Amino acid sequence: MRELSADTARRIALGAQGFAEPRPAAPTRRHLLATVRRTGLLQLDSVSVAVRAHYMPVFSRVGNYDRAVLESASWRHTAAKPRALVEYWAHEAALIPVEDWPLLRWRMREYEAGRWAGAQRVLERNPTLGRDVLDVIAEVGAASAGEVERQLELEVRGRGGPWWDRSDTKVVCEQLFSAGALSVGKRVGFVRHYDLAERVIPDGVVSLHLDEADAVRELVRRSARALGVSTEADLRDYYRLSAGQARRAIAELVDDGALTPVAVRGWDAQAYLFAGARAPRAISGSALLCPFDPLVFFRPRTQRIFGFRYRLEIYTPQHKRVHGYYVFPFLLDGELVARVDLKADRGTGLLQVPGAFVESGHDAGRVAEALAASLREMAQWLGLDDVRVGERGDLAAALARCVA
């Protein structure tokens, strides 16, 4: 069996995620969509303390781009620029290439009776609400759950209205979205406006039905391409597959020659090398990574590849947080060398850095200089005037000097 060094595996992983490519001087829609097709997905998240999660991975790879272009590709459709991305449950809620939507029909079938037990209870006590929601959206077009509710003239429970309440309407909208009957036609202030799937997804895509085994095998192939070199756990996590699904698909892809079993020194699990993966001679440059970037969102892989233990502390009580509320790892020349707690304070026009921490074994001066440049670039991209560094962390003083 072929053996790879840990360093080679790391370079392969970074290359697969797009970090070996030179950044375009002026990123266009084509560059943005190429990035999403490389990663396969952009995870969505409601936290906006710095920037919404789906915007950041593209910035990390191509630099200062116009976020309106990504929004247009995701939530607007014209004859000149058809919708290129669509929302669905991939890793978590995510934007995926619109052509990948049929690959997840098996998941939509699984969710027909409810994504959660609570959803099923809502459907049971509101037997006509699903049909009513579809009828309203069919008539009025893309609408938020609140707008659907107003069309149905529903009242909040406890105020003399019918026996379902506002949350029930939202639950049913989400259930119909999960089951593939609805999609997301647009977002307004990050609120989903649901529309019939056939009005959001192109005809040739929405009508395509694939065998579950074929679809899962293609999802694993896409995961393997996005990861470069990966374990079974990595391949399962990317699209949140079951162990049985992943194992069958991996075995078939090995037989087809799309995956090659390899050993990676220092890894404690069987690894698989994607047939098209390459090992760049070196990885240079820097990038700030949001907590939901595909390079780091599977924390066991992050620790295995980079020796970087990373935990999101949003739900940790403030006095127990080690690094901060919304912490970005910092990638420099192929290694994760620091982490920074970030907040975009739009009222003052500042990118706030409450805490900055250097990883053991890395030169704080070198890291601070590169990080300061990346923070300035991010501030400019977000339309902020300056960067302000706080006092927490062993990198804070050096970083503040470089920023100043």
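These values consider heavy atoms only, across backbone and side chains, with no hydrogens, waters or symmetry-generated copies. Every value quoted in this text rests on a predicted model; they were computed, and no experiment measured them.
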**Request:** Fit a plane to each ring of F292 and Y326, take the angle between them on a 0 to 90° scale, and name the class: parallel (under 30°), tilted (30 to 60°) or perpendicular (over 60°).
**Result:** tilted
**Item:** Parallel, tilted or perpendicular, as decided by the 30° and 60° cut-offs, for the rings of W89 and W116
**Value:** perpendicular
Counting only N and O atoms by type, is there a donor-acceptor contact under 3.5 Å from the side chain of [X] to the main-chain atoms of [Y]?
{"X": "R105", "Y": "L208", "result": "yes"}
{"X": "D211", "Y": "A213", "result": "yes"}
{"X": "T8", "Y": "L4", "result": "no"}

**Prompt:** What are the two closest heavy atoms between D234 and R301, and how far apart are they?
**Reply:** OD2-NH1, 2.9 Å
**Minimal non-hydrogen separation, I314 against Y325, with atom names** = CG1-O, 3.2 Å
**Prompt:** Under a 4.0 Å N-O cut-off, is there an ion pair linking E71 with R187?
**Reply:** no
**Item:** Basic-acidic side-chain contact under 4.0 Å: E174, R192
**Value:** yes
**Request:** Kindly compute the distance separating OG (S60) from CD (Q17), expressed to the nearest 0.5 Å.
**Result:** 10.5 Å
**Message:** How long is the straight-line distance from CG of L332 back to CD of E369, given to the nearest 0.5 Å?
**Reply:** 10.0 Å
**Message:** Pair V133, L176 - check side chain to side chain contact (heavy atoms under 4.5 Å, CB included), show working.
**Reply:** CA-CA 9 Å; V133 167; L176 292 167; 3.9 Å; yes
